[in-house]
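Okay, so here's the structure we're looking at.
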Amino acid sequence: MVRARSSRTGSGDGDTAANPPGSGAAGAAAATDAPTPPSAASGAAIAAAAANGTHTNGAAAPSASLAAASIGTATPNGAGRPHPQAADGASAPALPQSAHAGAGAAAAKSDAPSLRSSGGDSPRLSRQNSHGGSAGPRPHPQRRQSDREGAQAQTHPQAHSHLPSPLSTAPQTGLPQAASAPASPSATAGPGSPTGGQQKVTLLADEPASKKWRNWWVRSFWTAIMVSGFVGILMAGHVWVIGLVDIIQTIVYREVISIGILPSKERQLPWLRSLHWYFLFSTNYFLYGESIIHYFKPVVFVDAFLMPLATHHRLISFLLYCIGLVNFVLNLKKGHYKFQFSHFCWTHMALLLVVVQSHFIINNIFEGLIWFVLPVSLVICNDIMAYICGFFWGRTPLIRISPKKTWEGFIGGFVATFFFAFFISAYLASWQYMTCPVENLNTNMNTAHNCPVNPVFIYRDFPITPAVTALIRWVTLLVSFVAPSLVPAPLVLRSISLMPLQLHALLLAAFASLIAPFGGFFASGVKRAFKIKDFGDSIPGHGGLTDRMDCQFIMGVFSFIYFQSFIGTAGVTVGTVLQSAVSYLTIEQQLELHARLGQYLAGQGVQI
């Protein structure tokens, strides 16, 4: 009867006849006509393999003991329980995880027919028995390979613990997972937990008073020194300001490049650091050359030495870059390719984010010192006021990448920068030294300046709508009752006199408060990526120079684009006419232009 049911289930090898009903899990599976669930079937099949794995003298084979002891019998709901007894009746001790692979491989030595009869769903075992319907004296070659793997796993369980068990490929085995040691809290805790990858951050307002105030005085002292030095350089003249920007650019570039250098590999690549500085030189040659040609055309295009350099400036700049590229390729060294190319990309990122952006700041200086001083002062004001507001009232974290920034500091800096921009812009515009574009690099604060006035520096009357006029009248009326000494009578304002610059300054303040801080957050992300606290330690209490200039670069770019879009006066200048005449007219045409221009001036009564 058992054989009939075995043939009905597809087993024609006769192995189930050797197992009478009731002896082990195979007999239990044969005693019922109900189909065995996949999870229970796999467990029953393994138990059957353990029961059948006996030697001729009745002693249990090692593979049977391992399988019965370590895997156990499956329950109908798929949950496993330890097998109570091995095939020889002896109690089997629990085995470690490393022995399971050997047990599974050894069980596969004789369990293929039993698994087929009990509904096992292992694809690998099914493929082993698909070549014959009954057990024969010559097993399939794949089965012989499984025999060898099982024997090796029993002899050296640790050496072959990495070999996959034949049963591990079954979609549903119903086998209990081996118990593993609980993970440590630091390994399982999430990034936001106290024991996770991120340590708990103490906000500035919550730090101990002694530490907080010590940091306050250090930062305040060095901030006062930096602001004083900045004002002194401004008074010295345009050349000193351009030199300051160039020095800051070079130091920031060095700090950014240095965080990605590995000294051990750099010693094996002697040209690596030299290429960093060469690319800085070639990039500055191109950018500074573009600025000088644009703003000093009357000087450049009349000089016999400078004119060829100006005419072919972009070609020369490109050839300089190509020299650096060829030098880089020729110095590629086997075993360091990835490191060298990563530094090549890192260098170009630093050139883009530091050198190119500082080039726009230089252009702002040439357009007039106010377009350099105003954006810089707005960022400084926002930084200082955000620190002060966060120092006293900061309780709500703003962004995870910079955990000590708070919403209180962010909003406080925004409001303070708005008021500061409105008044500082009018004050700076009262000095022609600030508003005049650069015409002579030898000028300073004491030099007389006379230049056409840009319309944004001229006061205009802006009308006020009637609704706003009524609101101001009612508010001042209430104030006059409360404090008549301050407002003796209600105010009736129908217009207000402002510089257009003051309105533009409010938009610059909005960018300095809302967008420019994300330049600092970007720098914070870079520091987190390289696991450093600061880019350097050149400024006590502030870190490196990059930590103070991270917002200034993007602010300088925005100021230049805003100026060119809404403020700059477009028109034909002497420089543009001279450049066109020198670049596109022949010598004969230039002489003709000179003669006709002289005739025109003589006709206007101008003596040459």
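Everything numeric in this text was worked out from a predicted model, so none of it was measured.
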May I ask you to decide if [Y]'s main-chain N or O and [X]'s side chain share a donor-acceptor pair within less than 3.5 Å?
X	Y	answer
Asn440	Thr443	no
Asn444	Thr447	yes
Gln340	Asn331	yes
His313	Phe286	yes

message: Check the orientation of Trp216 and Phe391. Use parallel for under 30°, tilted for 30 to 60°, and perpendicular for over 60°.
response: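 Taking Phe391 first and then Trp216, their aromatic rings sit tilted (interplane angle of 30° to 60°).
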
field: Whether Phe279 and Phe344 hold their rings parallel, tilted or perpendicular, with breakpoints at 30° and 60°
entry: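 Phe279 and Phe344: perpendicular rings.
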
Test item: side-chain donor near acceptor, Asn284 and Gln249, under 3.5 Å: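 Checked: Asn284/Gln249 side chains pair up, N/O donor to acceptor below 3.5 Å.
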
Please report, to 0.1 Å, the donor-acceptor pairs under 3.5 Å made by any side chain of residues 368-375, with sequence neighbours excluded.
none

What about [X] and [Y], are their ring centers closer than 6.0 Å?
X	Y	result
Tyr321	Phe281	no
Trp393	Phe410	no
Phe553	His359	no
Phe328	Trp271	no
His504	Phe563	no
Phe423	Phe419	no
Phe522	Phe518	no

- request: Keeping to residues at least two apart or across chains, list the ring pair (Phe, Tyr, Trp, His ring centres under 6.0 Å) pairs with something in residues 466-495.
  value: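 Qualifying pairs: none.
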
Option passing ring-ring contact (aromatic ring centres under 6.0 Å, His included) with Phe366 (candidates Phe296, Phe360, Phe560):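 It is Phe296; the other options fail the test.
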
message: Could you check whether any side-chain heavy atom of Lys297 comes within less than 4.5 Å of a side-chain heavy atom of Thr576, counting everything from C-beta outward?
response: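 Yes, side chains in contact.
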
- prompt: So how far is it from Leu471 CG to Leu493 CG, rounded to the nearest 0.5 Å?
  reply: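 Leu471 CG to Leu493 CG: 11.0 Å, rounded to 0.5 Å.
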
- prompt: Just wondering, more than 12 heavy atoms not from Trp240 lying within 6.0 Å of its CH2?
  reply: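 Atom CH2 in Trp240 is not crowded, with 12 or fewer foreign heavy atoms closer than 6.0 Å.
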
